[in-house]
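Shown next, in C-alpha cells, is the structure this report addresses.
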There are 2 protein chains.
Amino acid sequence: MSPLVARLGRVNEAELLTDRERRAWYGLLTMQEDLHRHLSRELIRDCSITLSDFAVLSTLQMSGRAAMRVHEVRAAVRWEKTRLTHQISRMTSRGLLARIRCDEDRRGVWIALTDEGRAAIEAALPGHVARVRAMFLDVVPPKHLEILASISESVLEGLEEDADDTGS
Amino acid sequence: MSPLVARLGRVNEAELLTDRERRAWYGLLTMQEDLHRHLSRELIRDCSITLSDFAVLSTLQMSGRAAMRVHEVRAAVRWEKTRLTHQISRMTSRGLLARIRCDEDRRGVWIALTDEGRAAIEAALPGHVARVRAMFLDVVPPKHLEILASISESVLEGLEEDADDTGS
DNA sequence: CCTTAACGGGTGACGTGTCACCAATATTCC
DNA sequence: GGAATATTGGTGACACGTCACCCGTTAAGG
C-alpha cells in the first residue's frame, strides 16, 4: 500500500483522498477481497461448493419453504437478474437445485433444494459460520460490529436512491 | 434479506449467527458487492476502464516512478500472482501498459504506463474519487471511517497469521 | 563449484459476473 | 376485448479471478 501515498503533490488536491478516507476506503476494499478469497478457498476445499452456491443454498434452506421463486431468491441475495439465472443453471446441472414448473404464473419457475443440495448446505453451514467468526466476527469488538452494520445500511440506502438503472 | 431470518429454530444454535453478527456480516457483503457494481459500471461507462484497470493504473501513477516491477505492483494491490499477470496482459494488449525487459534481474519485467494509460488514469481519477465520496465517504461520519479502518486492519492482520497458503 | 531450492513471472482451462438482447406470460388501460 | 406495457426468466458472448502447472533465473548450502 505504501507506493500509493508517494508523490501526491502533483495532483489537484480535491481529486485525492485524505489520509483518513484512504485508510477507510482501501481498508474496506482489501479486507473484503481477502475475506472473500480465504472463505471461498476453504469452502471449495472442504465442501466443494462456492460462496455463491452457499448464498443460494442457505437462502433456500433458511426460508423454511419447499421452494422459492427466482425473484424471491433474487430479492434475498440482491444480485443481478442474469447472475442468479446463470448461478441456478450451474447449480442445477451439478445436482444441487431443481427447477420446477410454476402453474400459478406460467412465466415463472420454482427453485427447490435437491437432497444433495440440502446435504451440501447442512454440511457446509457450521464450518463456514465458524470461519466467518474466526476471520471476522470474533476479531471485531461487538460495538464495532454495530457500527459496521449501520454503515452498510446507510450506504445501501444511498445507493438505492439513484435506482435509475435497468435491472439492479 | 428477510427470508434469511425465518425459521431458524430448527438448526443448532451455535451454527448460526446472532442478529448482531448477521446484520454486520451480511451488511458488509452486500455493501461491498453493491459498491463494486455501481463503481464498476460508472467507470466503464464514463472512462472505458474497469476497477481492476484503475487499481493498476493508479498504483503506477501514484508511485511517481517511470516503471515498477510486477511484484511491487502486486505488493501494493495485494492480488494473487496470476490475477495480476492476466490483468497486465489484458491492459498491455489494450495499450494501457507496456512490458519492458529487466536487465538487473533477467527473470523480471518492468511495467510502465503508456501515454494512453496515463491519459486514462488522469481522466478517470477525479470522477472516480468523487463517486467514492458520494457513495461512501460522505455518507459515513468521519468517526465511523476511523473505526472501519481499524476494523479492516485487525481483520487483515488476522488473515495474514494463517499464511500457510501457496502464493497469497 | 554444482546441486537444490526459492523467486519472478507466465499459460491454459475453467467457473463467475455483466451486458445486450430475447421469449413468453401477465397486467393495465382505454 | 385488444393493444401497449411490465414482469419473469433466459441466452450467448465476453471480461475477470483462481487453480494447477510450467519455465527461466537467482540465491543457498554442501
Side-chain angles (χ1 to χ4, degrees), chain A residues 29-30 32-45 48-56 67-75 77-94 96-97 99-111 165-168, chain B residues 29 32-45 48-56 68-75 77-94 96-97 99-111 165-168:
Chain A
L29 290 183
T30 52
Q32 208 283 339
E33 284 202 6
D34 283 32
L35 279 174
H36 186 283
R37 199 152 40 219
H38 280 255
L39 289 171
S40 163
R41 196 144 41 197
E42 297 179 357
L43 203 52
I44 289 173
R45 171 164 47 78
S48 300
I49 65 173
T50 67
L51 278 174
S52 299
D53 296 339
F54 184 90
V56 174
M68 288 176 78
R69 294 288 299 274
V70 173
H71 67 272
E72 292 177 312
V73 179
R74 184 162 122 77
V77 296
R78 305 180 101 260
W79 287 356
E80 300 248 338
K81 195 165 39 178
T82 46
R83 176 179 176 187
L84 184 53
T85 299
H86 284 309
Q87 184 66 33
I88 291 173
S89 298
R90 275 173 255 143
M91 295 176 72
T92 300
S93 76
R94 282 191 294 145
L96 296 171
L97 298 181
R99 280 189 168 111
I100 301 170
R101 237 192 50 195
C102 177
D103 293 318
E104 303 89 309
D105 185 339
R106 280 162 55 197
R107 297 168 298 185
V109 177
W110 291 104
I111 303 300
D165 318 36
T166 53
S168 166
Chain B
L29 290 183
Q32 208 282 339
E33 284 202 5
D34 284 31
L35 280 174
H36 185 284
R37 200 153 38 220
H38 280 255
L39 289 171
S40 163
R41 197 147 37 201
E42 298 180 355
L43 203 51
I44 289 173
R45 170 165 47 78
S48 301
I49 64 173
T50 68
L51 279 173
S52 299
D53 296 340
F54 184 91
V56 174
M68 288 176 77
R69 294 288 299 274
V70 172
H71 68 271
E72 291 177 313
V73 179
R74 184 161 123 76
V77 296
R78 305 181 102 258
W79 286 357
E80 300 247 338
K81 193 164 42 178
T82 46
R83 177 179 176 187
L84 184 53
T85 299
H86 283 309
Q87 183 66 34
I88 290 173
S89 298
R90 273 172 258 146
M91 295 176 72
T92 301
S93 76
R94 282 192 293 145
L96 296 171
L97 297 181
R99 281 191 168 109
I100 301 170
R101 235 191 53 193
C102 177
D103 293 317
E104 302 89 310
D105 185 340
R106 280 162 55 197
R107 296 169 297 185
V109 176
W110 291 104
I111 304 299
D165 318 34
T166 52
S168 166

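Reckoned from all heavy atoms, side chains included, excluding hydrogens, waters and symmetry mates. Because the structure is predicted, anything quoted here is derived from the model rather than measured. To find a chain, count down the sequence lines: A is the first, B the second, and so on, and within it residues start at 1.
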Inset, instruction - Rounded off to whole Å, could you give me the CG-to-P distance for the L51(B) and dG17(C) pair? - result: 15 Å
Inset, instruction - Considering just the side-chain nitrogens and oxygens of R99(B), establish if one lies under 4.0 Å of OP1 or OP2 belonging to dG10(C). - result: yes
Inset, instruction - Grab the CG-P distance between L84(B) and dG10(C) for me, whole Å please. - result: 8 Å
Inset, instruction - Please list, chain by chain and in numerical order, all residues satisfying salt bridge (charged side-chain N to carboxylate O under 4.0 Å, His left out) with R107(A), sequence neighbours excluded. - result: D105(A)
Inset, instruction - Please step through salt bridge (charged side-chain N to carboxylate O under 4.0 Å, His left out) for the pair E33(A) and R83(B), ending with a clear verdict. - result: CA-CA 13 Å; E33(A) 284 202 6; R83(B) 177 179 176 187; 3.0 Å; yes
Inset, instruction - Using a strict cut-off of less than 4.0 Å between a Lys/Arg side-chain nitrogen and an Asp/Glu carboxylate oxygen, indicate whether E80(B) and R41(A) qualify as a salt bridge. - result: yes
Inset, instruction - Sequence neighbours left out, what passes side-chain contact (heavy atoms from CB on, under 4.5 Å) with V109(B)? Give chain and number order. - result: V70(B), R99(B), I111(B)
Inset, instruction - Determine: side-chain N/O of T85(B) to OP1/OP2 of dT11(C), distance under 4.0 Å, yes or no. - result: no
Legend entry - Rounded interatomic separation in angstrom, taking CD1 from I44(B) and P from dG17(C): 15 Å
Inset, instruction - For R45(B), look at atom CZ and say whether over 12 heavy atoms of other residues, nucleotides or ligands are found less than 6.0 Å away. - result: yes
Inset, instruction - Give a yes/no answer on whether the side chain of R37(B) brings an N or O atom under 4.0 Å of OP1 or OP2 in dG17(C). - result: no
Inset, instruction - Taking all non-hydrogen atoms of both residues into account, name the closest pair between A55(B) and W79(B) and its distance. - result: CB-CZ2, 3.9 Å
Inset, instruction - May I have the distance from D53(B) (atom CG) to dG17(D) (atom C1'), rounded to whole angstrom? - result: 14 Å
Legend entry - side chain to side chain contact (heavy atoms under 4.5 Å, CB included) between H36(A) and Q32(B), worked out: CA-CA 11 Å; H36(A) 186 283; Q32(B) 208 282 339; over 6 Å; no
Inset, instruction - Take atom CD of E104(B) and atom P of dG9(C), then tell me their distance rounded to the nearest Å. - result: 12 Å
Legend entry - R94(B) side-chain N/O to dA15(D) phosphate OP1/OP2 under 4.0 Å: no
Inset, instruction - Verify the contact: side-chain N or O of S52(A) to OP1 or OP2 of dG17(C), cut-off strictly under 4.0 Å; return yes or no. - result: yes
Inset, instruction - Would you mind classifying the nucleic acid contact of T50(B) as base, sugar-phosphate or nothing, using non-hydrogen atoms under 4.0 angstrom? - result: sugar-phosphate
Inset, instruction - Give the rounded distance in Å between these two atoms: CE of M68(B) and C1' of dG9(C). - result: 16 Å
Inset, instruction - Find which nucleotide of DNA chain C each of Q87(A) and S89(B) is nearest to by heavy atoms, and output the residue with the more 5' nucleotide. - result: S89(B)
Legend entry - Separation of atom CD in E33(B) from atom C1' in dT16(C), rounded to whole Å: 12 Å
Between protein and nucleic acid, restricted to nucleotides 6-8 of chain D and to nitrogen or oxygen atoms under 3.5 Å apart, what atom pairs and distances do you find?
{"unit_1": "dT7(D)", "atom_1": "O2", "unit_2": "R107(A)", "atom_2": "NH1", "d": "2.5"}
{"unit_1": "dT8(D)", "atom_1": "O3'", "unit_2": "R69(A)", "atom_2": "NH2", "d": "3.1"}

Inset, instruction - Give R106(A) one of three labels, base, sugar-phosphate or nothing, depending on what nucleic acid heavy atoms sit under 4.0 Å from its own. - result: sugar-phosphate
Inset, instruction - Rounded to the nearest angstrom, tell me the gap between atom CZ in R83(B) and atom P in dT11(C). - result: 18 Å
Inset, instruction - Could you tell me whether the side chain of H86(A) has a donor or acceptor atom within less than 3.5 Å of a complementary atom in the base of dG12(D)? - result: yes
